Amino acid sequence: MIDKRVSSVDEAIHGLFDGATLMVSGFGGAGVPVELIKALDRSKITDLNIVINAVRFLEMHAPGLFQDHRVKSLVCSAFRGRDRDPSHYERQWQAGELAIDLSPQGSFSERIRAGGAGIPAFFTPTAAGTQLAEGKEVREFNGRQCILETAIKGDFAFLRAAEADRFGNLRFRGTQSNFGPIMAMASKVAVVEVASFSDKPLEADQIHLSGVFIDRILVASETGV
Amino acid sequence: MIDKRVSSVDEAIHGLFDGATLMVSGFGGAGVPVELIKALDRSKITDLNIVINAVRFLEMHAPGLFQDHRVKSLVCSAFRGRDRDPSHYERQWQAGELAIDLSPQGSFSERIRAGGAGIPAFFTPTAAGTQLAEGKEVREFNGRQCILETAIKGDFAFLRAAEADRFGNLRFRGTQSNFGPIMAMASKVAVVEVASFSDKPLEADQIHLSGVFIDRILVASETGV
Amino acid sequence: MVKPLSRNQMAWRAAQDLEEGMVVNLGMGMPVLAASYAPEGREIIFQSENGIVGAGPEANEDERDPDLVDASSRFVTLAAGASLIESAASFAMIRGGHIDVTMLGGFEVASNGDLANWDMQVPNKGQLVGGAMDLAVGAGEVRVIMQHQTKDGSPRLLNVCRLPLTAPACVTRIYTDLAVVDVKENGFLVQEMLHGMTEEELQARSEASLSFSANLKPLATPDI
Amino acid sequence: MVKPLSRNQMAWRAAQDLEEGMVVNLGMGMPVLAASYAPEGREIIFQSENGIVGAGPEANEDERDPDLVDASSRFVTLAAGASLIESAASFAMIRGGHIDVTMLGGFEVASNGDLANWDMQVPNKGQLVGGAMDLAVGAGEVRVIMQHQTKDGSPRLLNVCRLPLTAPACVTRIYTDLAVVDVKENGFLVQEMLHGMTEEELQARSEASLSFSANLKPLATPDI
């Protein structure tokens with residue numbers, strides 16, 4: 001019988017390796033897989049390429065990642081630290097120790113979706129004619145300049161949802177979903193932490209993400225998050 | 001107060017013009033907007049470019065369209081008639097009166113999604129190295145041949161759903177949705193026929209298609225469909 | 001003369017290779033038949049490209065729902081754990097590599113794995129491609145169920161496909177009424193063959209040259 | 001010396017141009033403030049790019065839900081008719097032209113409508129682009145709310161932007177603390193200006209040359 005639950009957070013992140021590309025969901029605190037990020041922080045995994053919309057949430061929950069120089073590159077749409085003084089990651093970037101692929105949030109999302117949907121590249125008008133188009137192929141469609149953006153894929157994805165069934169079918173609350181569905185689609189191993197587990201399969205027409213995209217379910221501890 | 005309902009099927013298709021590109025949803029009888037297609041059949045609108053997955057459903061509900069030579073081109077993934085003898089549309093195609101853009105069903109879907117998502121073109125491995133790639137740009141990504149497919153947009157879209165609220169938020173039953181959401185997104189005027197209308201707004205986390213994409217709601221007559 | 005497998009037997013044999021937890025898409029005809037022969041107790045997720053993830057058996061006449069059909073336009077039911085999606089999401093799932101196995105009908109397969117299964121080039125009839133190309137390109141494995149020869153006795157296991165291709169170099173295994181044949185780096189490798197048939201007889205019914213597994217087994221199925 | 005508009009007044013003025021049924025996305029800062037000043041009785045759908053279609057007012061302290069935030073990371077509520085979507089769907093909505101109006105903050109606007117609003121080029125700080133470029137490219141209209149001049153008195157209505165562009169030729173209207181300025185084929189056209197201010201005074205605070213509407217109106221707002 002299919003049952004994608006794991007029994008511990010260590011099992012949830014098992015197999016994540018040095019040099020992996022890891023995608024992490026969350027926006028403004030909603031849908032942030034806090035338990036998984038904390039477990040990553042505690043691990044010794046290094047040389048990571050992390051795909052995350054806003055880098056500050058990574059530092060918030062996994063300060064050790066940057067303190068110990070375990071991130072080698074980032075794909076994001078918001079790299080700026082919150083405080084006036086530069087953050088750890090801003091300093092590492094200035095020192096040339098951290099490579100950044102800054103994408104407009106819509107191109108960031110679409111590149112991840114493309115990764116999950118088997119589309120290797122697409123043209124978009126977003127960022128055409130700006131600094132972020134530098135080095136990218138430009139082509140005109142219907143009189144409009146567009147640039148070629150390429151897909152992003154991950155080895156692992158971390159996301160958070162409200163509820164899962166044993167198939168990995170998910171329901172999200174509020175704005176929890178954000179980058180979670182596309183990151184799960186785009187990654188080889190998608191790990192979701194959920195607030196609750198449904199013993200009955202979720203209703204077929206009320207599922208926000210099909211369990212086909214989910215590999216492991218961590219039912220968050222009551223006190224954990 | 002926003003209320004996208006129209007009071008008649010004539011009002012529902014009002015403004016559809018000669019030469020328009022019309023998208024029609026439906027798969028295997030599910031989600032086929034029968035009342036709208038029949039109204040189109042009764043109208044005198046001609047020179048249409050119709051985007052529909054399987055052409056036979058168009059002939060089934062709007063035989064006059066082909067009998068009166070009112071379709072000038074089709075975008076589809078299934079153009080074959082059901083019977084052994086050629087259908088009206090197959091004969092018109094043989095006679096060179098009907099232009100066809102035959103796409104694999106996944107590329108058909110993705111081209112429509114691209115039209116609705118502001119993506120003018122994308123690369124896909126589907127159909128690379130086949131007859132359907134003829135004339136298309138080929139490029140290799142990660143060792144795999146891909147072809148460039150372009151977006152499809154419509155002037156009007158017809159779709160069918162189970163339930164709508166006044167904002168045009170939709171719920172579908174079973175496999176009704178199929179091409180409906182992407183066609184609504186890709187068209188200037190999206191018209192949905194629904195089996196029932198909810199006086200209360202639908203629940204925010206149980207909506208299958210946001211009303212932002214819907215322009216007109218036709219509440220199907222009890223006897224109509 | 002040995003008795004070739006029936007359509008049901010071919011579907012049965014193909015179904016035995018479906019494993020617990022697999023996500024599987026079945027094409028029209030014999031492939032969809034296979035769903036009902038999957039070994040009991042194995043939980044397999046049948047995806048149908050019109051928008052079902054987790055299709056159940058065909059609906060009985062009294063439980064038919066016109067809003068719930070599969071990609072073969074059959075009235076179906078939903079299995080436990082099913083979800084419903086729209087077409088672009090469904091083909092994102094397919095093209096994105098999230099289907100473990102697709103089983104498709106076929107007209108011809110070449111020894112490099114090229115598949116031709118979409119255009120019979122019938123005079124006076126239009127073309128129908130449907131989701132075959134997307135499935136052939138996107139699924140983790142492409143398995144074909146087809147008669148070993150055409151009705152007029154022409155081979156279907158070819159050196160090079162004559163009919164228009166569905167996708168190049170995609171097929172991993174073929175179930176015919178005579179044999180189970182894998183497509184390997186250096187061509188066709190027969191894994192199972194009907195009891196009583198000789199290697200020469202099977203080769204005579206194939207255009208491309210066949211290799212035979214050192215561990216060649218009889219192709220045995222129940223009487224269905 | 002005339003009194004420039006407060007931030008609330010600028011937001012109020014911008015809000016008056018939002019029409020019944022419009023789908024509107026509001027950027028951080030003054031733009032999100034505008035939501036609360038939309039004329040009563042008008043039903044406007046506020047889209048927030050992190051996944052809300054139909055955001056309501058900011059949540060009171062006792063109704064805050066950590067799972068429900070807007071693109072400015074504020075705790076919000078849902079309006080009647082709201083729906084919730086994931087990020088790729090949200091930006092498909094934005095890039096696909098389904099947002100009627102976006103109101104954004106700005107650093108600089110050029111007379112051809114070029115917008116610079118994403119990179120202040122602060123030393124030692126990293127870049128943050130967020131959804132601004134997608135909104136600037138995708139929305140039906142791009143309206144900017146910004147102070148007419150920088151804190152040190154430099155103009156923001158320029159011949160050519162000095163800061164990195166968000167998108168070329170996208171802005172249709174600018175609300176400043178001094179004026180309401182449209183971007184037309186041949187440059188800036190002032191539609192409204194603070195009472196008591198002269199055309200010369202406004203021009204002196206702008207780099208690009210301004211035209212003034214034949215129907216120039218006073219920029220009047222309530223005392224908020």
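Order of the sequence lines sets the chain letters (A, B, ...), proteins ahead of strands, with each chain counted from 1. Keep in mind the model is a prediction, meaning the values are calculated, not measured. FYI, side chains are in, hydrogens and waters are out, and symmetry mates aren't considered; it's all heavy atoms of this structure.
- Of the possible donor and acceptor atoms, one in the side chain of Gln9(C) sits under 3.5 Å from a partner among the backbone N and O of Pro222(C).
- Tested against Val190(C), the residues Val181(C), Ile174(C), Val180(C) include a single side-chain contact (heavy atoms from CB on, under 4.5 Å) partner, Val181(C).
- Ranking Ala117(A), Gly116(A), Ala186(A), Gly115(A) against chain C, the residue ahead of the rest is Ala117(A), based on heavy-atom pairs under 4.5 Å.
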Between chain C and chain A, are any donor-acceptor pairs under 3.5 Å, and how far apart is each one to 0.1 Å?
| from | atom 1 | to | atom 2 | distance (Å) |
| --- | --- | --- | --- | --- |
| Glu20(C) | OE2 | Met1(A) | N | 3.1 |
| Glu20(C) | OE2 | Ile2(A) | N | 3.4 |
| Glu43(C) | OE1 | Ile2(A) | N | 2.8 |
| Glu43(C) | OE1 | Arg166(A) | NH1 | 2.8 |
| Glu43(C) | OE2 | Arg166(A) | NH1 | 3.3 |
| Glu43(C) | OE2 | Arg166(A) | NH2 | 2.9 |
| Gly81(C) | O | Asn169(A) | ND2 | 2.9 |
| Leu84(C) | N | Ala204(A) | O | 3.2 |
| Arg95(C) | NH1 | Ala117(A) | O | 2.8 |
| His98(C) | NE2 | Gly116(A) | O | 2.9 |
| His98(C) | NE2 | Met185(A) | O | 3.1 |

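- For the pair Glu207(C) (side chain) and Asn159(C) (backbone), a donor-acceptor distance under 3.5 Å is present.
- A donor-acceptor pair under 3.5 Å links the side-chain atoms of Arg143(C) to the main chain of Asp17(C), judged by distance alone.
- By the 6.0 Å contact criterion, CD on Glu185(C) is open, its count of non-hydrogen atoms from other residues, nucleotides or ligands being 12 or less.
- Of all residues spanning residues 163-170 of chain C, none has a heavy atom less than 4.5 Å away from chain A's heavy atoms.
- With a 6.0 Å radius and a threshold of 12 heavy atoms from other residues, nucleotides or ligands, Asp62(C) has its CG atom above the threshold.
- The backbone N or O of Gly105(C) sits less than 3.5 Å from a side-chain atom of Asn117(C), completing a donor-acceptor pair.
- Shortest non-hydrogen contact noted between Ala136(C) and Val142(C) is O-CG2, 3.4 Å.
- In this structure, the side chain of Asn112(C) engages the main chain of Asp114(C) through a donor-acceptor pair within 3.5 Å.
- Note on Ile207(A), Leu202(A), Val212(A): by heavy-atom pairs under 4.5 Å with chain C, the leading option is Val212(A).
- Arg13(C) places no side-chain N or O within donor-acceptor distance of the main-chain N or O of Thr221(C), the cut-off being under 3.5 Å.
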